Amino acid sequence: MSTDEFPTDRPAVVTCGLPYANGDLHIGHLRGYIGADAFNRSLETLGQETAYVCGSDMHGTPVAVNAEQEGVDPADFALDWHRQYEETFPKFNVDFDNYGHTHDETNTELTQEIVRTLDEAGHIYEKEIQVAYDPDADQYLPDRYVVGTCPYCGEKARGDECDEGCQRHLEPGEVENPESTITGNPAEYRQRAHKFFEVSAFTDYLTEFLDGLEGTSNARNQPRQWIEDGLQDWCITRDMDWGIDYPNGADSDGDDLVLYVWVDAPIEYIASTKQYSERVGTDEYDWERVWKDDGDIVHVIGRDIIQHHAIFWPAMLEGAGYNAPRGIAATGFITINGKGLSTSRNRAIWAKEYLDEGFHPDLLRYYLTTTGGLQQDVDFSWEAFQEKVNGELVGTVGNFWYRSLLFAYRNYEGTPEADVSEEVHERIEGAIGETREAVNDYDLRGVGHAATRLAQFGNEYIQGNEPWKLTDEEPERAAQVIRDCVQLAKAVGVLLEPITPDKSQLLWEQIGEDGEVADAHLEDALEAPPRTFDEPGELFEKIEDERVEELTRKLEERVEAAADDEDESDEGETETDDTDADESGDMTDTGDLEPLLEDRIGFEDFQELDIRVGRIESAEGIEGADDLAKLEVDIGFETRQVVAGIKQLHDLDELPGTNCVLLANMEPAELFGVESNGMILAAGEEADLLTTHGDAEIGEKIK
RNA sequence: AGCGGGAUGGGAUAGCCAGGAGAUUCCGGCGGGCUCAUAACCCGCAGACCGGUAGUUCAAAUCUACCUCCCGCUACCA
């Protein structure tokens, strides 16, 4: 890793996060792939030797589970998606030098080799852990093969994360009351030896690594917290068939342990590079130099997988003797009309949908790369899309291209014979400099802006010089001005190519250039265009208002339809989740109330709640906690210590002596290191404390 | 609560990392020009005490400290 500026004299590789092979691509995915593609093209334009590689992520339990539900082989299931992705990317001008998948031979071999190396270097050890096991199906239950209760919040949780409750990541063996998703039977926990990668041993290395890391600041800063909290070693094996086998050798107890999906997934970056290298020859591009020696490695990822790329991955690379990434650009998320993108609610713009609407890919590329920086969350709405396209691409860039070339064609049948003026030459050089700087700052928006502003200058220039008035009186002067404009048009084309490759190519052809604008370098923006060219056409088309209204309406209807399908979606937030509950209610009062639960329970269920009258004996705040208070509550038989979230809402000094209502047979829990043995009942956000108003005795049961 | 990311003219955004004449670009508003061009393009005007407070400095949107509010992740919503 080195930090001299792009272009360097070393080969580079750009990657983007692997698409997971179990669903349709949407605009959120595209942002990453287009961003990485535009960055890679930018590097090429700078003259950097580089490759852009990626592949489909095929393994893991979600694929296995979904495949099983459909009754197909996981490999076939994943391959279907893989092929679909492979077909989709070119349609957005996302031009991978190689696109593989994690289940192919290259990745399998390389993954096993790397794991073996880590093992031999002593970075992997074996540890016995509790793993859920289904006795009927006679198999272990990794990750999403098991559901149960979250040990932290008590909500229903999946084996690998508490998806409905506290969102916590769960390590194997943590879920309580495990149930098998295969048979629905209760699962049992069994002791089981698994492999662990000692991430913790790389703490110092990673700290230093992050200091030198380029890219977006979130990729550099967020991991520091995890390091400070202390890195946990990482369980890298799973009990299942679908995946890459743990390489035998070190220890073979004949088990079918498979590597955790997050081990082989990033290795696909290397494997895919290797495939590219093997295809074009190592003279052309040497993957080993890139990955093992001194190449410049840049990862473009979503900000949700920073941990894997800034902690686990560099630790693996270092441990296995590979080169460290130079930069990690972690992109923000996409929101739709200001709200979070949600595939289940169908609030998304799908890749296929965008294309079916007949929009040119370059428009979306331009929107996604120049609206906000790489790191920022970007909102998408059809209105904003229209504004950007009509204002910048049609009005500024397209119009300048067309008016310049058309004028040149009509009066000179091409580029007039004159030299480019000093002023224009310098202006183009300035834009080239801005572009180079933007690329080195991982600033795609800056790349786009340098080009757009040059087109803007072009419009000012042609307007200010009014060549249409000069053709008769001062023909030489007119030729001079148009010569400048054609040069500017060409320069804008070259500079904008990373973002609008197809449109730039068309421009390139319109001015009579041969070959590919993609092969042009920044300096070519100053090279004279061919003497003659044909009549130009308009390269960007306006999006009409009616079109936008229609698209917006379609989107809204879709979201509503999805909301109706899902009988109930839990979190309401500020949304108008108007299913049926609030039809009657006016916004004044019922608006904020939680909806009534539909499910009724029997008297027996109620009787299981042992609710008692208690009297608060003492109350004190818990150190470091904002809301929690430690209470001693007398419930007749005994005095209970209870933790309650009421510290800020009550004057603690006044609580002692107050009667309260306590759920006595609540499971004990530890909160903030303090044991809580019961639950005080209170209403709402304000924690309005429930109490008695008659002469109920302490300890009396409430029924 | 911790950690990240934000708070800049009506809306959306840049600048801050490498502090220096009261600040970018786009949309919108108002007025004008032009007609080569996709009713496009060009020019001008109105409009911001750069979230708050206190510091550092000759000088701060830009650095420091504290605070408020928003977003995300993580969490103590027992």
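Naming: A, B, ... by sequence-line order, numbering from 1 per chain. Only heavy atoms go into these numbers, but all of them, side chains included; no hydrogens, no water, no symmetry mates. What you see is a predicted model, and the numbers here were worked out from it, not measured in a lab.
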**Q.** From A/Phe400 atom CZ to A/Gln456 atom CD, the distance as rounded to the nearest 0.5 Å
**A.** 11.0 Å
Q | Pairwise distance NZ(A/Lys490) to CG(A/Leu495) - rounded to 0.5 angstrom | A | 12.0 Å
I need the [atom1]-[atom2] distance between [X] and [N], as an integer number of Å.
X	N	atom1	atom2	result
A/Ile227	B/U74	CD1	C1'	17 Å
A/Ile543	B/U38	CD1	C1'	13 Å
A/Asp443	B/U25	CG	C1'	13 Å
A/Glu434	B/U24	CD	C1'	12 Å
A/Leu210	B/C3	CG	P	17 Å
A/Phe380	B/U13	CZ	C1'	18 Å

Q: For B/A7, give its Watson-Crick or G-U wobble partner with both distances under 3.5 Å, or none.
A: B/U68
Q | Any strand: nucleotide that pairs with B/U74 via Watson-Crick or wobble, under 3.5 Å | A | B/A1
Nearest to the side chain of [X], which nucleotide is it out of [options]?
X	options	value
A/Arg403	B/C36, B/U38, B/C27	B/C36
A/His449	B/C26, B/C36, B/U25	B/U25
A/Asn459	B/C26, B/C42, B/U38	B/C42

Q. For B/C42, does OP1 or OP2 lie under 4.0 Å from any side-chain N or O of A/Gln456?
A.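 Yes, A/Gln456 has a side-chain N/O under 4.0 Å of OP1/OP2 on B/C42.
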Q) Taking the six-membered ring where the residue is Trp, are the ring centres of A/Phe533 and A/Tyr409 under 6.0 Å apart? A)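 No - the distance between ring centres of A/Phe533 and A/Tyr409 does not fall below the 6.0 Å cut-off.
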Q) Would you call A/Arg640-A/Asp634 a salt bridge at under 4.0 Å N-O? A)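 Looking at A/Asp634 together with A/Arg640, the answer is no, because their closest N to O distance does not fall below 4.0 Å.
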Q | A/Asp545 bridged to A/Arg547 by N-O distance under 4.0 Å | A | no
Restricting both atoms to N or O, compile the protein contacts to nucleotides 30-35 of chain B shorter than 3.5 Å, with distance only.
unit_1: B/G33; atom_1: N2; unit_2: A/Gln463; atom_2: NE2; d: 2.9

Can you tabulate the close N/O pairs, meaning under 3.5 Å, that link protein atoms to atoms of nucleotides 5-9 of chain B?
unit_1: B/G5; atom_1: OP1; unit_2: A/Asn221; atom_2: ND2; d: 2.9

Q: State, without any angle test, whether A/Thr471 and A/Tyr412 hold a side-chain donor-acceptor pair at a distance under 3.5 Å.
A: no
Q: Decide whether A/Gln463 and A/Arg403 meet the rule of one side-chain donor and one side-chain acceptor closer than 3.5 Å.
A: yes
Q) Any idea how A/His308 and A/Trp262 line up, ring-wise: parallel (<30°), tilted (30 to 60°), or perpendicular (>60°)? A)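 Ring orientation, 0 to 90° scale: parallel.
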Q | Any side-chain heavy-atom pair of A/Leu551 and A/Phe359 under 4.5 Å | A | yes
